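Down below is the structure, laid out as structure tokens.
On a predicted model such as this, the values are computed, not experimentally measured, just so you know.
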Amino acid sequence: MTTFSPLSAGEPAPWFSAATGSNRSDAATFDELAGRYIVLFFFGSASRPDIAEVLDSFGHRNDLFDDKRALLVGISNDPGDFNEGRLQQAAAQLFLLDPGGIATQQYVLADSAAGPIHATIRPIAFLLSPTLQIIEIIPMAEPAAFVGRITSRLSDLLASSAVAQNAPVLVVPQIFDRAFCSQLIDLYEAEGGREIGSIESKGKVVEQFDPKFRKRLDWHISDEPALRRTRELLERRLLPMVYRAFQFRTTRIERYLVGCYDAETGGYFRPHRDNTAPIVAHRRFAVTINLNEGYEGGYLSFPEFGHQTYRTSPGDAIVFSCSLLHEVTPVTGNRRYAFLSFFYDEQSQQMREEFRKRWIESQKSVKG
């Protein structure tokens with residue numbers, strides 16, 4: 001049986017996706033769980049009495065695992081754990097199935113020649129920070145001592161006064177003047193918004209609307225004078241500041257879009273990153289420019305970097321790396337309007353063109 005990991009404390013935890021049960025199509029994306037302490041527990045199979053004892057002990061620690069401050073993520077390699085009901089999802093406990101050991105072997109040195117992975121790995125836990133950095137690696141020996149060590153360490157972390165962190169974002173005021181903000185809102189209202197979204201799935205680019213993940217109606221700016229004015233203001237007022245802050249020279253702007261989060265539908269955008277799928281991997285920086293006041297909620301936050309929220313006056317811009325986990329909290333009163341776009345450069349454009357070529361070739365092979 002394996003006894004150690006190829007990783008060490010201080011390293012970033014590898015990202016992966018894994019099924020949330022026996023239905024492999026229902027998957028969780030690990031990096032989107034950032035923003036709280038995580039106990040990532042690789043246990044092979046819950047059919048083992050010692051594993052069942054550990055999981056039962058964790059299940060009684062609601063004072064620690066509350067989903068907001070800390071989350072238990074258990075990785076099983078045994079489909080029977082789900083098929084036979086040994087594992088049940090809970091608010092602060094997420095169990096994932098990794099039958100082939102693809103995710104497990106990023107963390108645990110498993111001997112695939114020794115038999116099924118769920119029977120060969122030694123259970124081990126990784127205590128992770130809200131930014132998914134490995135704090136401590138804890139192999140399991142005796143169940144009670146193992147649980148005690150993890151819960152004691154987690155208690156200390158939750159009780160400590162963490163150093164305040166600021167997300168690496170750039171706030172630039174007065175990119176759009178108030179009159180232009182109002183003009184963009186009027187144009188939006190005249191045209192109306194719709195759900196816009198696309199992802200790559202099995203070699204195909206498909207539309208995806210998931211109201212549990214995002215509720216926002218968008219409109220691409222189609223009025224030519226407004227489009228020219230938008231481009232001019234970004235180039236003259238914002239892009240020089242982006243270069244000064246990040247030493248990134250923007251040569252491409254992906255889109256010119258106004259989005260609306262409406263309290264009547266509970267407008268929001270759950271935690272996500274903007275460049276993790278191949279179709280959007282070219283994106284480098286995201287920009288949001290608030291267009292109005294008089295709404296409630298609708299804050300921008302970056303869960304990996306604490307609980308600070310961002311909300312600007314109309315016309316002010318917030319720029320941040322597309323790789324940062326971020327969310328828009330629900331709008332609870334009236335409507336929030338925002339200009340939303342992405343910046344990238346010529347090297348990223350080459351990446352985008354290469355993806356399009358691969359996608360076209362995949363469509364030819366499907367049709368052929």
Donor-acceptor contacts, no H, no angles, side chain residues 141-151, under 3.5 Å, sequence neighbours left out:
unit_1: Glu142; atom_1: OE1; unit_2: Ala144; atom_2: N; d: 3.1
unit_1: Glu142; atom_1: OE1; unit_2: Ala145; atom_2: N; d: 2.8
unit_1: Glu142; atom_1: OE2; unit_2: Ala144; atom_2: N; d: 3.2
unit_1: Arg149; atom_1: NE; unit_2: Glu136; atom_2: OE2; d: 3.1
unit_1: Arg149; atom_1: NH2; unit_2: Glu136; atom_2: OE2; d: 2.7
unit_1: Thr151; atom_1: OG1; unit_2: Val147; atom_2: O; d: 2.8
unit_1: Thr151; atom_1: OG1; unit_2: Gly148; atom_2: O; d: 3.3

* Asked: Does the separation of the ring centres of Phe213 and Phe269 fall below 6.0 angstrom?
  -> yes

* To do: Ignoring hydrogens and angles, state whether a donor on the side chain of Asn290 or Tyr310 is under 3.5 Å from an acceptor on the partner side chain.
  => no

* **Exercise: do Asn77 and Thr104 side chains pair donor with acceptor under 3.5 Å** => yes

* With sequence neighbours excluded, tell me which residues meet ring pair (Phe, Tyr, Trp, His ring centres under 6.0 Å) with Phe95. => none

* To do: Applying ring pair (Phe, Tyr, Trp, His ring centres under 6.0 Å), name anything that partners Phe246, two or more places apart in sequence or on another chain.
  => Phe285

Determine, for [X] against [Y], whether the closest basic-nitrogen to carboxylate-oxygen distance falls under 4.0 angstrom.
{"X": "Arg358", "Y": "Glu361", "result": "no"}
{"X": "Glu32", "Y": "Arg273", "result": "no"}
{"X": "Asp50", "Y": "Arg48", "result": "yes"}
{"X": "Asp67", "Y": "Arg36", "result": "yes"}

* Structure fact -> Between Gln349 and the options Glu353, Gln347, Glu346, the side chain to side chain donor-acceptor pair (under 3.5 Å) test singles out Glu353

* Nearest heavy-atom neighbours spanning Ala28 and Leu96 -> CB-CD2, 3.8 Å

* Of the non-hydrogen atoms in Gly267 and Tyr261, which two are nearest, and what is the gap between them? -> C-CD2, 3.7 Å

